[in-house]
Trainee: 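Below you'll find the structure I mean.
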Number of protein chains: 2
Amino acid sequence: MAGPSTTSDEILRCARSLLIEGGYNGFSYADIAKVVGIRNASIHHHFPSKSDLVRTLIARYREEAEAGLAHLERQFTNPADRLRAYVSYWQACIADASAPFCVCALLASQIPVLPEEVILEVRAHFRTLSAWLSSVLESGARQGSLHFTGTAKAEAEAFMASVHGAMLSARAYGDAKMFGVITHPLLERLATRH
Amino acid sequence: MAGPSTTSDEILRCARSLLIEGGYNGFSYADIAKVVGIRNASIHHHFPSKSDLVRTLIARYREEAEAGLAHLERQFTNPADRLRAYVSYWQACIADASAPFCVCALLASQIPVLPEEVILEVRAHFRTLSAWLSSVLESGARQGSLHFTGTAKAEAEAFMASVHGAMLSARAYGDAKMFGVITHPLLERLATRH
DNA sequence: CTGCGTATACCTACTAGTAGGTAGGTTGTC
DNA sequence: GACAACCTACCTACTAGTAGGTATACGCAG
């Protein structure tokens, strides 16, 4: 799946993990250069400015996210299973600390100090994810496997907010299990008729 | 209520609003100095280091938060009303943009790059808030006005996560109403027997 | 009431280090 | 020889933080 990772790829991968740790102003070109093993200035050859780098990084993140959701749809046909798989994916990411936070959720918290072009990408991710969750909830409600009051759209926003809040709590408490403590009852409730 | 605000107070107040906008690395001493109308170096007289400043800022924030919750308990005796008032408070803060994010929730997202002493304060706030919500939910369940499956502790964590996630979504979409879209059904569900 | 010490609050001037970014040169490959 | 990828060397602006000076206010002894 992964090709012969280029320097540009390595810069993006490194920047992503630094971004997940401390946000937009939490890392510098020097940090990346140190890890990738090139000079500070060489990063500018691939990405003229920091906002270019981050915008590209998010664009790739969004591609991967959409591919992940598509994969998940092929793997599971049941809407409830799709939601469970989505949550399990993040539970695993948080537990093994490989990517313990959604890049866009983290950047969203710093929107007032972000370059406009980055904000647009972040917002687009929120819309994409919300739309996907909404469609899953919608089909689950139609076939009677998922239960909620109100619209699928509203429930999708609430679901997404809970997942993001769960990431935050897991980080705040320094306890990966907290993510599951918050999300499992949520899945349980959606799967139960009441 | 507010005394003759000192320079130290102004620094803290200014730093808080800058912190809410862009996190720990999103503001500098120069930013504060510009707003407060003193020189960069003068801030060090009141707060030797940035971590001192932020730690003090959070300590005060936590005091205000606890006072706010205590006030809210005096104002409302019904647990459901207390939850509603808590949510309404944040809805108002977000709507008028006075403080559109919880200081500790924002800092929690950047925990990996925060000074240890700041992390401890942030974590303490999460515990305080969770404990308060837990006690409200507990008493609501006992008297039959709030309904949920599972423990009050788990429901409190889920509630807190939803509120934090709702702040994030409101910021991401640039739409204060999103906070209500997410939190109202949550309150509704807790107040309804099912 | 004066004069003296002391503490607070602020200042100017400075430091070392880092930020993102640029100019222009070198190397290797098609 | 053109281009990509990377380099050295440099820039300006800014970072948190320090050193040392000044003005003002308060308490207190004479």
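These numbers were taken from a predicted model, which means no experiment stands behind them. Residue numbering restarts at 1 for every chain, and letters A, B, ... go by the order of the sequence lines.
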Trainee: Take atom CD1 of B:I38 and atom P of D:dG17, then tell me their distance rounded to the nearest Å.
Mentor: 15 Å
Trainee: Taking DNA chain D as the partner, which of residues 21-35 of chain B come within under 4.0 angstrom of it by heavy atom?
Mentor: B:F27, B:S28, B:Y29, B:A30
Trainee: Between C1' on D:dA4 and CZ on A:R39, what's the gap in Å once rounded to a whole number?
Mentor: 19 Å
Trainee: For the pair made of CG in A:N40 and C1' in C:dG21, what is the distance, rounded to whole Å?
Mentor: 9 Å
Trainee: Would you say that B:F27 contacts B:K50 through its side chain, given a criterion of any heavy-atom pair below 4.5 Å between the two side chains?
Mentor: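 The answer is yes; the side chains approach within 4.5 Å.
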Trainee: Would the B:H164 and B:F101 ring centres measure less than 6.0 Å apart?
Mentor: no
Trainee: Quick check on A:R39: does its CZ atom have over 12 non-hydrogen neighbours (other residues, nucleotides or ligands) under 6.0 Å away?
Mentor: no
Trainee: Taking B:R189 first and then B:E155, would you say they form a salt bridge - that is, a charged N and a carboxylate O separated by under 4.0 Å?
Mentor: yes
Trainee: Just by distance, with hydrogens left out, do B:E73 and B:W132 show a side-chain donor and acceptor under 3.5 Å apart?
Mentor: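 Indeed, the side chains of B:E73 and B:W132 share at least one donor-acceptor pair under 3.5 Å.
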Trainee: Return the residues of residues 41-53 of chain A meeting this criterion: a heavy atom under 4.0 Å from some atom of DNA chain D. Order them by number, or give none.
Mentor: A:A41, A:S42, A:H45, A:H46
Trainee: Can you find a side chain N or O atom of A:T7 that sits less than 4.0 Å from OP1 or OP2 on D:dA5?
Mentor: no
Trainee: Check A:R60 with A:E121, please: is the shortest side-chain N to carboxylate O separation under 4.0 Å?
Mentor: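 Here A:E121 does not pair with A:R60 in a salt bridge, since their nearest N and O are not under 4.0 Å apart.
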Trainee: Atom CG of B:L106 and atom CZ of B:R171: how far apart are they, to the nearest 0.5 Å?
Mentor: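 Going from CG on B:L106 over to CZ on B:R171, the span is 6.0 Å.
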Trainee: Take the angle between the ring planes of A:Y173 and B:F126 and call it parallel below 30°, perpendicular above 60°, tilted in between.
Mentor: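 A:Y173 and B:F126: perpendicular rings.
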